[in-house]
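Comments concern the structure below.
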Amino acid sequence: MKFTAEINVMPLKEILDPQGKAVTGSMKNLGLSEIQNVRIGKHITLQIEAENKEAASQKVDTACKKLLANLIMESYEFELAEA
Amino acid sequence: MPLNFNSFVAMKFGVVIFPGSNCDEDVIYVLQEIMQQEVVRLWHKDHDLQGADFIILPGGFSFGDYLRSGAIARFSPIMQEVIQFAAKGGYVMGICNGFQILAEAGLVPGALLHNETRKFICRNVHLKVETTNSLITSALDPSKALKIPVAHGEGNYFADEDTLKKLNDNDQILFRYCDEGGNVKSESNLNGSVQNIAGVCNESRTVFGMMPHPERAADSLLANQDGLGIFESILKVAHA
């Protein structure tokens, strides 16, 4: 079976996200100063061939842990759907 | 001051070259031409460290810094050999992008985040030598701040509280950003690194990572040889 994973990788809450901070600052220039705490992460999609959803989920989890996210600075979550 | 090579041991260095490495030739120049050591170039797809005694991961932008700095290089074929070599107690040093690769590989603790300012910082900084109890700092004078350039966008060292405590307790912090007089101040912390940390080693003191570039401050033609002491340290005590 073929699955598509939609993965979100975000900087950990306790870590300063300078990119998000800069974007938060620029909201003022749009007249949207009510927007606060912008945080910027990554959205990753991938396709995976696996016997079933659980097997696919395990492999995506390994990919996230080993490469797609660095758990010292980031957290991740993902959803799987049959492609 | 001319180097006295009689007091040095000879070593074979392996410099790993990833696609996007750009300080490899600078390190090779220092080791070969100034330190007069044997150097082998190790392509990232190689599986053989060619009998090198000391591996250096040079600076640059391996794999274009895609995903995170060092994240992709960490899985290059040669890195599996480097990880095994380090596990057996082999000496490995990462400079700048090399430090990021070591951190991604878990060979040194912590991670390198984007600079707090989001600016790429390319200038001389001063470093306080925090310990001489390591191969790369053994011949340095801790009372003298080293002037060595940095060139990085992601040099903001981060480690959690427990890791920091361990690093301090075990004397694993090699360098901190300081002012010209050697005072570690928040103003001298150019990139937001926790506790001004610029370089660390692993627990067994065989793997070293630092953001500044000692190879760019080693040739007398550049009018700054503050980085040379790091290479001298390696050769003075290695294998002793």
Side-chain angles (χ1 to χ4, degrees), chain A residues 4-30 32-33 35-50 56-80, chain B residues 62-77 79-80 83 97 99-121 152-164 166-167 186 189-195 197 200 202 209:
Chain A
T4 301
E6 304 267 344
I7 304 164
N8 287 317
V9 178
M10 290 298 291
L12 293 178
K13 286 197 174 61
E14 61 266 34
I15 285 178
L16 174 78
D17 170 18
Q19 194 175 192
K21 203 174 156 193
V23 172
T24 305
S26 82
M27 286 298 171
K28 277 203 290 277
N29 301 340
L30 281 73
L32 294 172
S33 54
I35 291 180
Q36 291 295 315
N37 296 325
V38 177
R39 293 185 74 76
I40 298 178
K42 299 183 186 96
H43 184 76
I44 301 166
T45 65
L46 57 83
Q47 297 211 312
I48 179 165
E49 190 77 48
S57 175
Q58 270 182 18
K59 283 184 176 162
V60 172
D61 195 59
T62 302
C64 288
K65 274 202 182 82
K66 288 184 98 168
L67 177 60
L68 300 177
N70 178 338
L71 302 188
I72 297 174
M73 54 167 127
E74 295 162 328
S75 63
Y76 67 89
E77 55 179 23
F78 64 86
E79 279 178 17
L80 273 177
Chain B
S62 57
F63 295 90
D65 277 352
Y66 292 167
L67 195 62
R68 294 178 308 278
S69 307
I72 298 176
R74 174 252 177 278
F75 287 101
S76 275
M79 280 306 294
Q80 310 326 304
I83 290 166
N97 188 224
F99 184 14
Q100 294 162 338
I101 296 167
L102 289 178
E104 281 286 341
L107 291 179
V108 290
L112 283 312
L113 314 178
H114 281 281
N115 294 345
E116 218 167 72
T117 56
R118 269 207 87 72
K119 284 181 184 153
F120 187 94
I121 305 169
H152 60 244
E154 283 146 73
N156 176 358
Y157 184 78
F158 172 79
D160 62 28
E161 285 299 321
D162 290 349
T163 307
L164 281 174
K166 253 175 96 176
L167 287 173
S186 54
N189 189 355
L190 72 164
N191 56 20
S193 290
V194 63
Q195 295 185 5
I197 293 172
V200 297
N202 65 345

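Naming convention: chains lettered A, B, ... in sequence-line order (proteins, then strands); numbering from 1 in each chain.
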- Task: To the nearest 0.5 angstrom, please state how far the CG atom of B/Leu67 sits from the NZ atom of A/Lys42.
- Result: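 Here the rounded value is 5.0 Å.
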
- Message: Rounded to the nearest 0.5 Å, what separates atom CD in B/Glu104 from atom CG in A/Leu67?
- Response: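 Reported to 0.5 Å precision, the distance equals 8.0 Å.
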
- Item | Heavy atoms of other groups near B/Phe120 CZ, more than 12 under 6.0 Å |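 Enclosed.
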
- Query: Around A/Glu14, counting heavy atoms of other residues, nucleotides and ligands shown, do more than 12 lie under 6.0 Å from its CD?
  - Reply: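 Yes - once you tally the heavy atoms of other residues, nucleotides and ligands closer than 6.0 Å, there are more than 12.
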
- Message: Applying side-chain hydrogen bond (donor to acceptor under 3.5 Å, both in side chains) as the test, list every pair that has at least one member in residues 106-121 of chain B; sequence neighbours left out.
- Response: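 Those involving residues 106-121 of chain B do not exist here.
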
- Message: Once side-chain hydrogen bond (donor to acceptor under 3.5 Å, both in side chains) is applied, what residue pairs with a partner in residues 58-69 of chain A remain, sequence neighbours excluded?
- Response: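 Residue pairs passing side-chain hydrogen bond (donor to acceptor under 3.5 Å, both in side chains), neighbours aside: A/Asp61-A/Lys65, A/Asp61-A/Tyr76.
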
- Query: Which region of A/Gln19, side chain (C-beta onward) or backbone (N, CA, C, O), has a non-hydrogen atom less than 4.5 Å from a non-hydrogen atom of chain B, or is it both or neither?
  - Reply: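 It is both, since atoms from each part get that close.
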
- Contact origin within A/Leu12 toward chain B - heavy atom pairs under 4.5 Å: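 When you check distances to chain B, no heavy atom of A/Leu12 falls under 4.5 Å.
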
